[in-house]
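In what follows, a structure is listed as structure tokens, so that the remarks can point back to it.
Throughout, a chain's letter reflects where its sequence line sits, starting with A, and its residues are numbered from 1. In this text, all values refer to a predicted model and were calculated from it rather than measured experimentally.
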Amino acid sequence: MTVREKAVPMPQQDPSERVGNFDEVPLGYEREAALQEAERCLKCDPAPCIEGCPVGIDIPKFIDRIKREDFQASINTIKESNNLPAVCGRVCPQEEQCQEVCTLGENFEPVSIGRLERYAADWEREHGTVDNTVEDSRAGKIAIVGSGPAGLTAASDLRKLGYEVTVFEQFHQPGGVLVYGIPEFRLPNEVVEREVENLKAMGVEIETNTVVGRLFTVDDLLDGNRVEKHDAVFLGTGAGLPYFLDLPGENLNGIYSANEFLTRVNLMRAFKFPEYDTPVKIGGRVATVGGGNVAMDSARTALRLGADSSMVIYRRSEAQMPARDEEIQHAKEEGIDFRLLRNPTRFKGDDGRVEKVECVEMELGEPDESGRPRPVPKGGSEFDLPVDNVIIAIGNSPHPLVPRTTDGLETSDRGTIKASSRGRTSREGIWAGGDIVTGAATVIRAMGAGKTAASDIHKWLSNGETWK
Amino acid sequence: MRKIVKKSKVGDGVWEYELEAPLIAEASDPGQFVILRLHEKGERIPLTIADTSLEEGTITIVVQSAGKSTIELNQEYFEGEAIHDLAGPLGNPSEIEDYGTVALIGGGVGIALIYPIARALREAGNHVISIIGAQSADKLFFQDRIAEVSDEVIVTTDDGSAGREGFTSDALRDLLESENVEKSWAIGPVMMMKVCQEVAEEFDTELIVSLNTIMVDGTGMCGGCRVNINGETRFACVDGPEFPGSAVDFDLLAQRTEIYEEEEECALDEFLEGESK
């Protein structure tokens, strides 16, 4: 039997249509497409893809179950290792993980593992049965701070082990970056809501509107001071504080952080203003500064909100852009204008509103500490770009509230919480994982950290070993 | 869901609410704020905590009808009903010490906000002089309560319908001419705080202002609340809301509060139209 060289393509919304709506861009495989793609898997043993997955999903097995059309068995296999398959199937950078090491990829296109994962997860949503019953089989109460991917994963794993688990979220809706950051057209909030409902059905308590560090501290959680006493705390508070460029004119009206812009649109539903109360003011010529997924999300969101034009200003070239290839391609299809090797130097505007971004041309120099060529400004090459809105998407720093209010919790110079490979912090009984430890990274890495910490919390609570 | 334990009108278009929030009541200190959201389609509104009751397990907020959400709350939410979300306490508390003589200036809804700070300062041993001002007598409120926590109270109205005619900043100038005030707080409209700062500067005395900016999350994540403090960008939600008046770029502050003027008008029109149907 010969293997198809090319992956079964993902059907997607036509670019000219999708820029006018917030519906998902990739539509998902149909059954036949999934079966065909599943045929391509070589069932390697040992399987490099499992190694490539941060949560170690048995990929050949779940694909094999798709091939046999036993979709329930397929999703069950995924869920043994991954609690958020509908999320990961959509936003994981598979091309850098499982698919990068796929044996088939040595000569052909690798198996579309992510698309198949999404297929199995979406099949479950439509046809499957989810058994969420979990017994309180173990003594022990665990507090999870933050309901993003790290926190939700840790909560799920610990609950399945039989612990009582409470997740504290500062926003009014759980999901963290999955609901406030990633736009509907990549990850509908409804997909996250469903995963959260499953957790609740398992018996996980979720306390929203709870700002840990202000309402009570992590020590209160461990001591049972003012709140119930917990035996362990996992911190998954994320990297939520936006960096700005620190340039003249950056506080002019019309300039957003990507976090504010996306939170208004995704979490607060500003795209439905005035049905929803939260407004967002975007239109005309929109420039997004940055080259990551968040920059792509911002630029594409601006287009969907009716911007006349939407450009991305990035200081390096396309090869160095941290965004996923798929996101860059989608952005290009939609007509996002890439101004590469350009960097803003100031923002100009009379009457308090931004009107121009002054940029300088850049060239690539010697590699810097990140290994990428350092962008160097070309002297005297400054020029003005007329704009009506600017979105700054150059990254986020760790959330400082919990470290600031927890004595003895060690942090790095960058503000991240120091944690061992098992997630143990400098304070006994406190684990941490996800972006608050690594700095801004991916959903799946955060989930991996949540998993590792959950299993270590279990080990620690059951063995009573000393903290190190 | 958070129950409205008590609602009462304190002035023209100004309502006081006691909300069930025992943990926030315990955790909060003067100067801090909460964020509330009325319903599932609501926006997140930052409101300063005006009082707390540990016995009742409540916090008090004072809301002046200004835009769609505040009018909706004041008109359509009643005692015994609930608002959807309430998060806090947020922001840094006021720095309460025994400074000697202090002046607290509250303008409009800011009157409610100086109340807990005045009380805490008085308990710390300060001689507290409060200056409260509104456009007219019907918009004044909390006079009795402010009097309870102050050694002296000066009332001003723009039209002279109560107290002395003029602005709080005029009263502050007169006060600083006659008294040696160690530290002052001014909380109210941007223009009022700006002018009070100018007066304080004339007399070379320290003045603290509390900034009520545009915010989404209130915990440092959006940066919508960014203000210029001594030439550097700061977030009012996590670095403030109180800052030394001498460090604040009031013009930028005023400019940024206007970002959504058109949208606010649109939302209000839609709401009022719906009301009249």
Fill in the blank from the handout: When every non-hydrogen atom of A/E260 is compared with those of B/Y260, the smallest separation belongs to OE2-OH, 4.1 Å
Handout entry: CD/A/E228: more than 12 non-hydrogen atoms of other groups inside 6.0 Å
Key = no
Practice task
Measure distances from B/E263 to the heavy atoms of chain A and classify the residue's part below 4.5 Å as side chain, backbone, both or neither.
Solution key: both
Practice task
Taking atom NZ of B/K3 as the centre, report whether more than 12 heavy atoms of other residues, nucleotides or ligands fall under 6.0 Å from it.
Solution key: no
Practice task
Please state whether the side chain, the backbone, both or neither of B/N92 comes within less than 4.5 Å of a heavy atom of chain A.
Solution key: both
Practice task
Look at the rings of B/F235 and A/F244 and say which category their plane angle falls in: under 30° parallel, 30 to 60° tilted, over 60° perpendicular.
Solution key: perpendicular
Exercise for the section: Tell me, for B/I214 versus chain A, whether the close heavy atoms (under 4.5 Å) come from the side chain, the backbone, both or neither. Expected result: side chain
Exercise for the section: Begin from the C-alpha positions of B/K68 and A/D277 and carry the test salt bridge (Lys or Arg N to Asp or Glu O under 4.0 Å) through to its verdict. Expected result: CA-CA 8 Å; B/K68 188 251 175 185; A/D277 289 341; 2.5 Å; yes
Exercise for the section: Find out whether A/K281 and B/E262 are in side-chain contact, i.e. whether some heavy atom of one side chain is under 4.5 Å from a heavy atom of the other. Expected result: yes
Exercise for the section: Report, as yes or no, whether the 6.0 Å neighbourhood of atom NZ on A/K356 holds more than 12 heavy atoms from other residues, nucleotides or ligands. Expected result: no
Practice task
With a 4.5 Å cut-off on heavy-atom pairs, point out which of A/E250, A/Q173, A/R353, A/R264 contacts chain B the most.
Solution key: A/R264
Exercise for the section: Go through the atoms of A/R214 and report whether side chain, backbone, both or neither lie under 4.5 Å from a heavy atom of chain B. Expected result: both
Exercise for the section: Using non-hydrogen atoms and a 4.5 Å limit, figure out which bit of A/L401 sits close to chain B: side chain, backbone, both or neither. Expected result: neither
Exercise for the section: Name the member of B/L38, B/T233, B/T219 that forms the most heavy-atom pairs with chain A at distances under 4.5 Å. Expected result: B/T219
Problem - Least distance between heavy atoms, B/G42 atom then A/T278 atom - result: O-OG1, 4.2 Å
Handout entry: Pairs of heavy atoms under 4.5 Å with chain A: top-ranked of B/A87, B/G218, B/S69
Key = B/A87
Practice task
Kindly compute the distance separating CG (A/N253) from CD (B/E261), expressed to the nearest 0.5 Å.
Solution key: 9.5 Å
Problem - Toward chain B, the part of A/I255 with a non-hydrogen atom under 4.5 Å - result: both
Completion exercise
Closest heavy-atom pair, A/Y276 versus B/E40, reported as atoms and distance to 0.1 Å, is CE2-O, 3.7 Å
Exercise for the section: Rounded to the nearest 0.5 Å, what's the gap from OH on A/Y256 to CD1 on B/I259? Could you check? Expected result: 7.0 Å
Practice task
Mind ranking A/V280, A/D246, A/V211, A/L215 by heavy-atom pairs under 4.5 Å with chain B and telling me who comes out on top?
Solution key: A/L215
Handout entry: Flag if over 12 foreign heavy atoms under 6.0 Å of CD, B/E76
Key = yes
Fill in the blank from the handout: So, the part of A/L252 with a heavy atom under 4.5 Å from chain B: the answer is both
Handout entry: A/M268 and B/V216, any side-chain heavy atoms less than 4.5 Å apart
Key = yes
Handout entry: Heavy-atom side-chain proximity of B/E26 to A/R226 below 4.5 angstrom
Key = yes
Handout entry: Full working for side-chain contact (heavy atoms from CB on, under 4.5 Å) between A/N209 and B/L86
Key = CA-CA 6 Å; A/N209 294 315; B/L86 184 68; 5.9 Å; no
Practice task
Identify which of A/S257, A/G254, A/P242 forms the greatest number of heavy-atom pairs closer than 4.5 Å to chain B.
Solution key: A/P242
Exercise for the section: Check step by step if side-chain contact (heavy atoms from CB on, under 4.5 Å) holds for A/Y180 and B/M221. Expected result: CA-CA 10 Å; A/Y180 76 73; B/M221 291 175 62; 3.3 Å; yes
Fill in the blank from the handout: Interatomic distance, NE2@A/H172 vs CG@B/L36, rounded to 0.5 Å, equals 12.0 Å
Exercise for the section: Please step through side-chain contact (heavy atoms from CB on, under 4.5 Å) for the pair A/F261 and B/C222, ending with a clear verdict. Expected result: CA-CA 8 Å; A/F261 176 62; B/C222 78; over 6 Å; no
Handout entry: Expected output: side-chain B/R256 to main-chain A/N251 donor-acceptor under 3.5 Å
Key = yes
Handout entry: Side-chain heavy-atom pair A/T263, B/D217 within 4.5 angstrom cut-off
Key = no
Exercise for the section: Determine whether more than 12 heavy atoms belonging to other residues, nucleotides or ligands lie under 6.0 Å from atom NZ of B/K6. Expected result: no
Handout entry: Winner by heavy-atom pair count (cut-off under 4.5 Å) against chain A, out of B/H84, B/Q32, B/Q255, B/E72
Key = B/Q255
Handout entry: Residue part contacting chain B, namely of A/E275, when any heavy atom lies under 4.5 Å
Key = both
Practice task
Below 4.5 Å from any heavy atom of chain B, which atoms of A/P274 appear? Answer side chain, backbone, both or neither.
Solution key: side chain
